[in-house]
Amino acid sequence: MASTPEFQHTVGKTASLSGTSLHTGEKVSLKLHPAPVDHGIKFKRKDLQDEPTIDARIENLKTVERATTIGEGSVRVHTVEHVLAALSAMGVDNVIVEMDANEPPIGDGSAQPYVELIKKAGVTVQEEPQKFFDVREPIHVESKTGGLLILLADERFRISCTQAGPNNRFTQFLSMEVTPTVFEREIAPARTFVFYEDVQSLMDKNLIKGGSLENAIVVRGEAVLSKEPLRFTDEFVRHKILDIIGDLALVGRRIRGHVVAVKPGHATNAELVRALAREQTRRSAMAVPRAMPAGNGGLDTDEVMQILPHRYPFLMVDRIIGFEGENKITGIKSITINEPFFQGHFPGHPVMPGVMQVEAMAQVASILLFKLTKTSSRVGYFMSADQVKFRKPVFPGDTIFIHAELTRARGNRMAKTKCHCVVNDAVVSEGELMFTFLDK
Ligand SMILES: [Zn+2]
């Protein structure tokens with residue numbers, strides 16, 4: 001991945017912009033304020049009592065009907081995607097977006113006014129490294145309306161987008177790497193567009209009070225209606241890319257990956273963000289801590305060997321990373337080519353025997369049981385295994401994360417655990433193991 005460390009950025013100073021909000025037609029002024037490292041992008045409602053702030057994070061996503069709305073409690077901020085796109089693409093990680101209404105000014109329907117605002121405020125580097133989401137395996141989401149988003153591994157942030165209107169009118173395609181320069185020149189000026197058949201229903205619902213040909217392009221049949229001529233022949237797909245960048249900012253991390261989008265929309269974009277957030281949670285849950293936690297946090301090899309009677313070559317856990325509550329434990333085992341079983345399993349094609357993974361699960365689970373029983377006079381004996389599945393081969397060089405969870409315990413006599421082994425974020429084996437307790 002990136003060889004030079006990349007640092008977080010905020011705005012250099014406060015800068016402000018005013019205009020009209022699209023959906024309510026109210027006057028609104030928006031200010032960008034500098035914010036400290038790891039703050040993220042937060043919206044502040046200056047017009048409300050106590051001036052509540054809302055994190056621009058997927059957890060706060062409320063609605064995606066034509067625009068992206070975030071909120072907490074009863075507080076809402078509508079149509080955040082254009083300002084988020086500009087902040088994200090121009091490299092601003094930490095900022096307070098203060099507003100005196102529930103929606104940013106629509107401007108000309110593009111992100112250009114926000115790019116100018118960010119340039120007015122300046123972008124300054126901070127002392128903490130940026131947080132990235134690196135794509136390891138393809139992730140895809142699909143909507144009922146035909147939207148499709150696929151995220152592929154890439155060292156850069158790229159978007160390849162196909163946009164198609166009703167009956168595939170105005171089908172357009174564009175592919176690019178998103179950098180501040182490219183965004184400012186190729187994407188930010190692209191304006192919001194609507195198909196006439198869609199706006200009619202919005203007008204009926206009174207959803208676009210501030211809407212006019214000054215802040216949106218209206219397509220009626222084959223005719224393109226706007227105050228100013230098209231800024232690009234493929235302006236629509238460019239605006240779709242703008243919206244994707246804005247919605248993906250809700251991940252709260254910079255994405256290193258290639259987004260392949262077909263007929264994207266806010267709902268599909270939000271689904272992708274949710275998928276990334278789930279993946280991020282999963283990764284954080286099994287990241288190896290930098291230092292071994294003291295006390296109950298984890299156990300080093302010596303401590304493991306004080307509990308388990310097993311020794312080389314049969315000790316199948318290097319250390320315990322940590323416990324989660326009373327019922328969960330995670331251990332790790334690094335598999336090297338020097339493991340004795342590779343001698344015979346198989347010469348020229350070394351694969352870790354599945355039964356050794358079951359043994360690793362049993363050892364980690366018995367450490368959990370040892371902690372539960374809190375006595376060294378009784379020891380858990382591995383009694384039976386059920387539902388064992390081997391899903392992927394384990395090779396020399398792999399590090400196995402061994403997870404065990406206590407699912408049933410009957411007094412001090414027997415216990416049932418659910419276990420799985422993970423390599424490179426994929427489950428390689430799993431099983432339900434039963435133990436009985438006996439005096440040593
Ligand atoms: Zn938009």
Side-chain angles (χ1 to χ4, degrees), residues 1 132-140 151-153 253 256-257 274-293 296-301 304 308 310 314-339 341-342 345 350-369 371 382 385-407 415-435:
M1 295 291 119
F132 283 94
F133 181 92
D134 284 310
V135 182
R136 296 176 189 170
E137 283 184 333
I139 299 173
H140 87 277
L151 185 55
L152 300 167
R253 283 169 178 263
R256 275 194 285 236
R274 283 202 184 90
L276 299 193
R278 279 195 300 272
E279 170 68 9
Q280 187 57 47
T281 308
R282 212 171 61 83
R283 286 182 191 179
S284 313
M286 55 197 193
V288 187
R290 269 175 224 165
M292 281 297 290
N296 285 341
L299 304 169
D300 63 19
T301 314
V304 166
L308 293 178
H310 309 75
F314 224 67
L315 182 61
M316 295 307 294
V317 49
D318 292 336
R319 63 183 204 211
I320 298 303
I321 301 173
F323 298 89
E324 200 183 307
E326 288 284 281
N327 295 336
K328 285 187 186 175
I329 184 172
T330 303
I332 59 171
K333 167 75 181 157
S334 295
I335 304 300
T336 77
I337 186 63
N338 298 318
E339 305 293 341
F341 46 74
F342 284 135
H345 199 272
V351 181
M352 184 184 186
V355 290
M356 300 305 287
Q357 294 169 44
V358 176
E359 178 60 30
M361 295 180 209
Q363 292 183 9
V364 168
S366 52
I367 292 172
L368 176 67
L369 300 181
K371 195 178 178 238
F382 182 20
D386 206 6
Q387 309 282 331
V388 173
K389 288 189 181 70
F390 302 110
R391 300 197 176 278
K392 286 185 176 179
V394 174
F395 302 111
D398 284 344
T399 295
I400 308 182
F401 287 76
I402 309 141
H403 301 269
E405 181 181 4
L406 181 74
T407 50
K416 196 171 179 180
T417 60
K418 234 182 169 153
C419 306
H420 62 281
C421 290
V422 171
V423 172
N424 288 333
D425 297 347
V427 173
V428 293
S429 55
E430 60 191 57
E432 287 177 20
L433 310 189
M434 303 267 285
F435 294 83

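Listed for the Thr301 side chain is a donor-acceptor partner under 3.5 Å among the backbone atoms of Asp318. Thr417 contributes no side-chain N or O that, together with a main-chain N or O of Ala404, makes up a donor-acceptor pair within less than 3.5 Å. Listed for the Arg319 side chain is no donor-acceptor partner under 3.5 Å among the backbone atoms of Asp300.
Residues forming a side chain to side chain contact (heavy atoms under 4.5 Å, CB included) with Arg274 (at least two apart in sequence, or on another chain): Ile58, Leu61, Ala270, Glu271, Arg278. Applying the salt bridge (charged side-chain N to carboxylate O under 4.0 Å, His left out) rule to Lys392 yields no partners; only residues at least two apart in sequence or on another chain are considered. Residues passing the salt bridge (charged side-chain N to carboxylate O under 4.0 Å, His left out) test with Lys418, sequence neighbours excluded: none. For the side chain to side chain contact (heavy atoms under 4.5 Å, CB included) test, residues two or more places apart in sequence or in another chain that qualify with Leu368 are Phe323, Ile329, Leu406. A search for side-chain hydrogen bond (donor to acceptor under 3.5 Å, both in side chains) contacts involving Glu430 returns Arg391, not counting sequence neighbours.
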- Could you walk me through whether Lys328 and His403 pass side-chain contact (heavy atoms from CB on, under 4.5 Å), step by step? CA-CA 7 Å; Lys328 285 187 186 175; His403 301 269; over 6 Å; no
- Message: Set out, in order, the CA-CA distance, both residues' side-chain angles and the distance that settles side-chain contact (heavy atoms from CB on, under 4.5 Å) for Phe342 and Thr336, then state yes or no.
- Response: CA-CA 9 Å; Phe342 284 135; Thr336 77; over 6 Å; no
- Would you sort out whether Thr399 and Val423 count as a side-chain contact (heavy atoms from CB on, under 4.5 Å), showing the intermediate values? CA-CA 6 Å; Thr399 295; Val423 172; over 6 Å; no
- Item | Criterion side-chain contact (heavy atoms from CB on, under 4.5 Å) on Leu433 and Met361, from CA distance to verdict | CA-CA 8 Å; Leu433 310 189; Met361 295 180 209; 3.8 Å; yes
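Scanning all heavy atoms of the two residues, the minimum distance from Asp398 to Pro393 falls at OD2-O, 4.4 Å. Across Leu299 and Ile367, no two heavy atoms sit closer than the pair CD1-CG2, 3.7 Å. The heavy-atom pair separating Gly257 from Leu151 by the smallest distance is C-CD1, 4.0 Å. Closest heavy-atom contact between Ala153 and Val135: CB-O, 3.3 Å.
Annotation: side chain of Cys421 is not in contact with side chain of Val427 (no heavy-atom distance under 4.5 Å). For the pair Ile139/Leu276, a side-chain contact is recorded, criterion being any heavy-atom separation below 4.5 Å from C-beta on. Between Val422 and Ile400, every side-chain heavy-atom pair lies at or beyond the 4.5 Å cut-off. Between Val304 and Leu315, some side-chain heavy-atom pair lies under the 4.5 Å cut-off.
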Could you list the donor-acceptor pairs under 3.5 angstrom formed between side-chain atoms of residues 352-359 and any protein atom two or more places apart in sequence or on another chain?
residue, atom, partner, partner atom, Å
Gln357, OE1, Ser429, OG, 2.7
Glu359, OE2, His310, NE2, 3.4
Glu359, OE2, Gln363, NE2, 2.8

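From Met316, atom CE reaches atom CG of Leu308 across 12.0 Å, with rounding to the nearest 0.5 Å. In this structure, the separation between OG on Ser366 and CZ on Phe435 is 5.5 Å, given to the nearest 0.5 Å.
The number of heavy-atom neighbours closer than 6.0 Å to CZ of Phe341, taken from other residues, nucleotides and ligands shown, is above 12.
Between Lys333 and Glu339 there is a salt bridge, with a side-chain nitrogen of the basic residue lying less than 4.0 Å from a carboxylate oxygen of the acidic one.
Taking the ring centre of Phe132 as origin, the terminal cationic atom of Arg256 falls inside the region bounded by 6.0 Å and 45° from the ring axis.
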